[in-house]
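Some notes on the structure that comes next.
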Amino acid sequence: MALTKQTEQENAFPEDAATKIVRHAGMLSNQLQALRARMYPPKAEKSLRHFMTNEVSKLTSIPDSTLKLLSNEGRGPVPSRLENNHRAYTLQQINQLRTMFAEQKPSDALRFLPYRQGNEHLQVLAVANFKGGSAKTTTSVHLAQYLALHGYRVLAIDLDPQASLSAMFGFQPEIDVQANETIYAALRYDDERRPMKEIIHRTYFDGIDLIPSNLEVMEYEHETPRILAQRLGSREGMFFERLKLALDEVKHRYDVVILDTPPSLGFLTLGAIHASTGMLVTVHPAMLDVSSMSQFLLMMGDLIQVLGESGAVLKQDFFRYLITRHDPNDQPQSQVVAMLRHLFGDDVILPTVVESTAVEAAGLAKRSLYELEMGQVGRDTHRRARDAMDAVNDAILDLIRSSWGRR
């Protein structure tokens with residue numbers, strides 16, 4: 001078989017590893033940009049589907065009949081009419097309904113508008129594990145969207161330089177995220193440090209703001225050892241305090257912050273652990289993944305002790321393990337799940353994130369289960385996956401409410 005011109009050139013002048021990596025990175029980046037251009041044309045923005053009245057009723061506890069009456073009388077936000085004449089609301093309109101009913105029924109306002117009250121602290125949830133494939137980003141995206149759908153104000157922060165969370169919210173890290181626009185901008189040690197409020201982006205998903213990521217966040221991992229080696233003090237706090245202090249600047253705007261951490265125990269992850277009021281350790285129920293998690297926990301325990309010696313105080317309301325990518329019909333997986341429940345008891349969240357083609361199909365389109373339109377995957381497949389995800393997120397929301405003293 002004849003060699004291609006490119007192959008002939010490679011054989012004549014062997015490419016060193018660094019050059020090949022750079023070339024492959026450029027090729028892949030160009031391909032991803034082309035795919036993004038097809039999925040989201042220039043100037044197009046990712047948008048969220050509309051919600052039928054039965055969905056709105058479930059999300060808001062406003063009866064379906066009341067929604068229809070409001071629409072017929074021309075009160076409240078005006079829903080769109082679909083081809084079948086059914087009413088459909090945007091998430092922004094749903095939140096307008098919540099505000100309207102909270103104002104009309106102040107004694108029952110929390111039922112419609114569940115914002116945290118003055119005596120309830122900001123919930124900061126770190127989703128962590130240094131084993132790739134444990135579904136940290138999938139968990140973070142679905143939790144953020146579930147909370148927003150139920151009326152909470154959410155800030156999602158992408159701490160991972162791979163920027164998968166950012167991509168799920170429509171931000172391509174190489175194009176849409178400029179220099180000094182990641183969390184690094186709020187944590188850096190020099191004069192270019194920016195207030196947290198300046199790097200927060202609104203998303204198409206009403207109720208969710210985002211601090212996106214790209215490779216720039218790695219600068220924090222590179223700079224912090226230098227600062228520590230030079231024993232430089234900082235009025236903005238030690239490295240493990242900086243994220244918490246930055247969050248304090250904007251905490252009045254949110255009910256929940258979700259931190260999607262990198263698959264490592266670096267300085268960013270340690271800062272996330274220190275800032276968090278709750279931790280979710282995602283784990284795929286396979287022995288290799290559980291062994292990796294064991295090492296993660298041992299390392300994390302040692303590092304937390306070191307941080308404690310430096311004055312760090314962890315104030316977490318809960319620490320839970322979440323089983324992800326779970327196939328209930330897989331016997332070895334069932335044995336691993338049973339082992340974890342035996343060892344850790346109630347610290348393992350009872351519902352699990354089931355492995356589903358619906359999640360995979362949604363992910364390929366950079367969407368979540370909550371964004372899928374009916375018919376994009378099989379109805380039964382979608383329903384089973386959605387029910388399982390709802391159960392997981394509802395269990396996490398119960399932990400949040402309990403930490404606030406709500407029942």
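Sequence positions, counted from 1, serve as the residue numbers for this chain. Everything quoted here is computed from the prediction, not taken from an experiment.
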Neighbour count >12 (heavy atoms, 6.0 Å) for atom NE2, His342: no
Check: Tyr220 ring centroid to Phe267 ring centroid under 6.0 Å: no
Any donor-acceptor pair under 3.5 Å from His274 side chain to Phe240 backbone: yes
Distance-only polar pair, side chains of Asp390 and Tyr370, donor-acceptor under 3.5 Å: yes
side-chain hydrogen bond (donor to acceptor under 3.5 Å, both in side chains) assessment of Glu223 paired with Tyr184: CA-CA 10 Å; Glu223 281 190 9; Tyr184 169 67; 2.5 Å; yes
Backbone of Thr53 reached by a side-chain donor or acceptor of Ser57 within 3.5 Å: no
CG (Asp191) with more than 12 external heavy atoms under 6.0 Å: no
Test log, rule side-chain hydrogen bond (donor to acceptor under 3.5 Å, both in side chains), inputs Tyr204 and Glu371: CA-CA 11 Å; Tyr204 65 93; Glu371 298 175 272; 2.6 Å; yes
Arg193 bridged to Glu249 by N-O distance under 4.0 Å: yes
Criterion side-chain hydrogen bond (donor to acceptor under 3.5 Å, both in side chains) on Thr224 and Tyr189, from CA distance to verdict: CA-CA 8 Å; Thr224 299; Tyr189 299 92; 2.9 Å; yes
Geometric cation-pi criterion, Arg87 with Tyr89: 6.0 Å, 45°: no
Residue Asn119 excluded, over 12 heavy atoms near CG under 6.0 Å: yes
Arg379 atom CZ: more than 12 heavy-atom contacts under 6.0 Å: no
Check: Asp317/His121 side-chain N/O donor and acceptor closer than 3.5 Å: yes
Short side-chain donor-acceptor distance under 3.5 Å, Glu216 and Thr182: yes
Side-chain H-bond candidate by donor/acceptor type, Asp206 with Gln93, under 3.5 Å: no
Short N-O contact, Glu120 and Arg406, less than 4.0 angstrom: yes
Flag for Thr137-Asp260: side-chain donor and acceptor within less than 3.5 Å: yes
Cationic tip of Arg111 above Phe101 ring, under 6.0 Å, 45° of axis: no
Which atom of Ala275 lies closest to which atom of Val124, heavy atoms considered: O-CB, 3.6 Å
Arg153 charged N/C atom sitting above Tyr115 aromatic ring, 6.0 Å / 45°: yes
